[in-house]
**Q** 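Here it is, the structure, as structure tokens.
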Amino acid sequence: MFDDRLEKINEECGVFGIFAPGRSVSELIYLGLFSLQHRGQEGCGIAVSEGKAINHYKNLGMVTDVFNQSTLDSLNGYLGIGHVRYSTSGQSKTQQNTQPIVARFQHGQIALAHNGSLTNAAELRNHLMERGSLFHTTIDSEQIVGLIASHGQDDMEQAMLKAMIDLKGSYSLVIMTENKLYAVRDPYGNRPLCLGKIGEDGYVVASESCALDAIGATFLRDVEPGEILTIDENGLHSTKLFNHEKNALCIFEFIYIARPDSNIDGINVNKARRLMGRELAKEAPLDVDTVIAVPDSGTTAAIGYAEESGIPYTQGILKNRYTGRSFIMPTQEMREQMVKLKLNPIRDALEGKRIAVVDDSIVRGTTSRKLVKLLREYGAKEVHMLISAPPVKYPCFYGVDTGNPDELIASKKSVDEICEYIGADSLHYLSMEGILRAVEWSGCGFCTACLSGEYPMGTPNYDNVKAALE
Ligand code: AMP
């Protein structure tokens, strides 16, 4: 039970905000969220304001399922925010837990969308409840709204700064009142958040720069760790309270989460993944005929491996683009066939060949095990598994669903044992030094908690989490 609930606090999400005087923004938010869909497929929502009142719509489902022309037409405003959400289990799959969270406090209305996970969520909820706060959801993001509201005697910027002092963990936020847009990034800059310009006097903030591209906005810069941006009719204003020597940008954004066409804190995701593949080729040279990828997450690293090794890259597996997380599998037999429905090997590329297959990570081992078997069935003579990151051994408390520790195969088995479990001829992971070489040239500091077990922003107090959830 506890494990189930522990999973619930892990989420991957995408946020988007826009302030564009004279324009109607709901369709732009829709496009922005559509390009952030890879960050969360379980629910989504949009809140907008025409200056006087916040209007919103949110539901479970993908962006194209939740919104249609008439819902977008009903959302009038020149400023607004949006959210896509992924969570893992049980209770959290309710409409109530979708975002933006919209509430009323001393200053009027507030809407908030959050990417990340707080490590002191339980303590904050208890603290706020003791002071009489009511909660409508079971998500930690509601504590952020509660904390800001608890400082409602101050102006918004002050209230947010005071809230940030109490918030622990990971948060990239877009917040709006009836006539202002705010963007906030936690002091470690754990989750990405960038700023762009649209038109003469419009601004956009988004989890990834690909969302700026989607609406024709120009990238200006990343929101800095610990920074609060205020955007209103007076333009852009920045406040910064915290200054950490080293930030802790999530390395898993570069391994798996972000889109290769995005830039995060000066690092192009495609470049980072290609370099990971190149490092892997230096660390694990193989005598094989061809390099293939597990699409799409392994593709860029596989190209990097091929470039460095000189071994030809071939498309060896075809991905069915229409099997999202919400894909309905009517029978048990079909559920078991899921990997094959999603990833089908191409016999012509494999028959009689020694294959190196690149993926970004092994979580539970399900995909690799089924895939290795399939590749052999489709004629591969040898199957060597290459993983373009170190083993994922530890849970993430900062907003990525990497599964709970019991499920992480690398936390229980050695590399040789995993190799045996997945049935490959060999298995190689990129080393920690190798992955850092692929990204550290940027000058950023990274959170490697899921790989190293070192948590730069601390971990939740398990007893408190447990107590609060019971
Ligand atoms: P598994 O089958 O459990 O070993 O999962 C490995 C596959 O899941 C790989 O192909 C990864 O690209 C993908 N993956 C890695 N991390 C995540 C995540 N946080 N959410 C969803 N899929 C993931």
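We count ligands from 1, going down the list as the structure has it; atoms in each ligand are counted the same way.
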**Q** Below 4.0 Å from ligand 1: does a non-hydrogen atom of Ser368 turn up there or not?
**A** no
**Q** Side chain, backbone, both or neither: which applies to Ser361 and ligand 1 if a contact is any heavy-atom pair less than 4.0 Å apart?
**A** both
**Q** Does Arg259 use its side chain to pair, donor to acceptor, with the backbone of Cys210 at less than 3.5 Å?
**A** no
**Q** Could an N or O of ligand 1 be found under 3.5 Å from any N or O of Val294, whether backbone or side chain?
**A** no
**Q** Any carboxylate oxygen within less than 4.0 angstrom of a Lys/Arg side-chain nitrogen, looking at Lys373 and Glu377?
**A** yes
**Q** At under 4.0 Å between heavy atoms, is it the side chain or the backbone of Thr366 that contacts ligand 1, or both, or neither?
**A** both
**Q** Any ion pair linking Glu407 and Arg364 (charged N to carboxylate O, less than 4.0 Å)?
**A** yes
**Q** With Arg369 as the cation and Tyr421 as the aromatic partner, state whether NZ or CZ is under 6.0 Å from the six-membered ring centre and within 45° of the axis.
**A** yes
**Q** Heavy-atom distances under 4.0 Å are what count here, so tell me which part of Val363 touches ligand 1: side chain, backbone, both or neither.
**A** both
**Q** Judged by non-hydrogen atoms, does Glu12 sit under 4.0 Å from ligand 1?
**A** yes
**Q** Do other residues, nucleotides or ligands put more than 12 heavy atoms under 6.0 Å from the CD atom of Glu420?
**A** no
**Q** Could you work out, with ring pair (Phe, Tyr, Trp, His ring centres under 6.0 Å) as the rule, every residue matching Tyr57, not counting sequence neighbours?
**A** Phe67
**Q** Given Tyr256, Phe252, Tyr86, identify the one with the heavy atom nearest to atom 23 (C) of ligand 1.
**A** Tyr256
